[in-house]
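Worksheet: one structure, shown below.
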Amino acid sequence: MNDALLRLNIALQFPLQEFVLSMGFFLVLVLEQIVLSYKEQPGWSEETHSLLSADSRVPDHPHVHVDVNAHSAVRAVVLVLSLSLHSVLEGLAVGLLQESGKVLETCLALLIHKCIISFSLTLKLAQGRLRPRVILSCLLLFSFMTPLGIGLGIVLTENADPMQQLIRSVLEGMATGTFLYITFLEILPHELSASEQRIAKVIAILCGFSVITAILFIKI
């Protein structure tokens, strides 16, 4: 984003990158609260009957305690949309490459990355109490996004300008904000609220953070 602004001869004192990331965070927050507010209306259960699986529909009972927010269908769908946008941007980065060796290297890394993300996404959708057909539709949508991004990248290679780079950076920043929301307000609170294997979960989180930090340090 700084490079795009520099090429456009725009000097900003305002922290634009952080602002865009925050907008992605609040975008998911606002959308989720709107959907959840609509969900609390009396006719919601009938209208969403086709999306939720049979075992996810729990009858109203004052003595039944269910964590309705954990692995909610709304957040699962938001995660699909966020990952889809992220996949388009990843494919866009591949499509913009011009060196064949770099393209093969990036595609191999992307393939390994997608295998892990696809497995995690499928698990998350299954926990979201969605019907199998809805899960399959979400996975198909996710799988088509990277090839779409590659195609767009190839097209943009012929006419790359700073404005297009700035737009891509804004989309990347908003996608990052959505991931922050999903991670810190959905995944971590749910996992750490359970009483089983607390220390092991914390160790796993720290190990994952340490591995990513080490990779970034090695690249530098």
Side-chain angles (χ1 to χ4, degrees), residues 1-32 34 75 77-118 120-121 138 140-187 208-220:
M1 187 174 291
N2 286 333
D3 181 61
L5 292 174
L6 182 62
R7 294 172 62 188
L8 290 171
N9 296 321
I10 298 176
L12 292 178
Q13 298 296 327
F14 183 77
L16 183 59
Q17 295 90 335
E18 291 81 357
F19 175 78
V20 171
L21 188 146
S22 301
M23 288 300 98
F25 181 91
F26 286 115
L27 176 63
V28 181
L29 174 64
V30 171
L31 289 177
E32 183 185 49
I34 291 175
R75 289 178 176 176
V77 173
V78 168
L79 180 61
V80 172
L81 296 178
S82 301
L83 286 174
S84 297
L85 175 58
H86 181 67
S87 297
V88 171
L89 297 173
E90 286 181 329
L92 191 63
V94 175
L96 292 174
L97 295 175
Q98 296 182 349
E99 299 180 6
S100 58
K102 196 67 176 179
V103 170
L104 292 177
E105 178 184 345
T106 305
C107 285
L108 179 60
L110 192 60
L111 179 62
I112 298 174
H113 170 69
K114 287 299 178 184
C115 289
I116 300 173
I117 293 297
S118 299
S120 302
L121 178 60
C138 291
L140 287 175
L141 174 66
F142 173 70
S143 64
F144 284 129
M145 291 300 103
T146 299
L148 175 63
I150 293 176
L152 291 175
I154 294 175
V155 173
L156 293 177
T157 302
E158 302 297 329
N159 186 26
D161 57 46
M163 185 57 66
Q164 293 175 348
Q165 182 181 358
L166 182 61
I167 293 174
R168 175 189 166 191
S169 300
V170 170
L171 293 176
E172 288 178 344
M174 295 190 68
T176 303
T178 62
F179 289 133
L180 285 177
Y181 181 90
I182 294 296
T183 300
F184 292 103
L185 292 186
E186 156 65 357
I187 298 176
F209 179 81
S210 300
V211 169
I212 298 300
T213 304
I215 293 174
L216 293 176
F217 180 78
I218 291 173
K219 285 185 176 181
I220 294 176

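For Val20, the side-chain contact (heavy atoms from CB on, under 4.5 Å) criterion is met by Met1, Leu16, Val170, Met174, not counting sequence neighbours. With sequence neighbours left out, the side-chain contact (heavy atoms from CB on, under 4.5 Å) criterion links Leu8 to Ile10, Pro162, Met163, Leu166. For Phe19, the ring-ring contact (aromatic ring centres under 6.0 Å, His included) criterion is met by Phe14, not counting sequence neighbours. Listed by chain and residue number, Tyr181 satisfy the ring-ring contact (aromatic ring centres under 6.0 Å, His included) test with Phe25 (two or more places apart in sequence, or in another chain). Taking Glu18 as the reference, nothing meets the side chain to side chain donor-acceptor pair (under 3.5 Å) condition, with sequence neighbours excluded. Listed by chain and number, the residues in a side chain to side chain donor-acceptor pair (under 3.5 Å) with Asn9 amount to none (sequence neighbours excluded).
In this structure the side chain of Lys114 never reaches within 4.5 angstrom of the side chain of Leu111, judged on heavy atoms. For the pair Leu141 and Val80, the minimum side-chain heavy-atom distance is below 4.5 Å.
To the nearest 0.5 angstrom, Leu5 atom CG is 7.0 Å from Gln17 atom CD. For the atom pair Leu148 CG and Ser143 OG, the distance stands at 11.5 Å (nearest 0.5 Å). In this structure, the separation between CD1 on Ile150 and CE on Met145 is 12.0 Å, given to the nearest 0.5 Å.
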* Just do the side-chain contact (heavy atoms from CB on, under 4.5 Å) check on Leu21 and Leu180 with the steps written out, would you? => CA-CA 9 Å; Leu21 188 146; Leu180 285 177; 3.2 Å; yes
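Scanning both residues, Ser84 and Phe142, for their nearest heavy atoms gives OG-CA, 4.0 Å.
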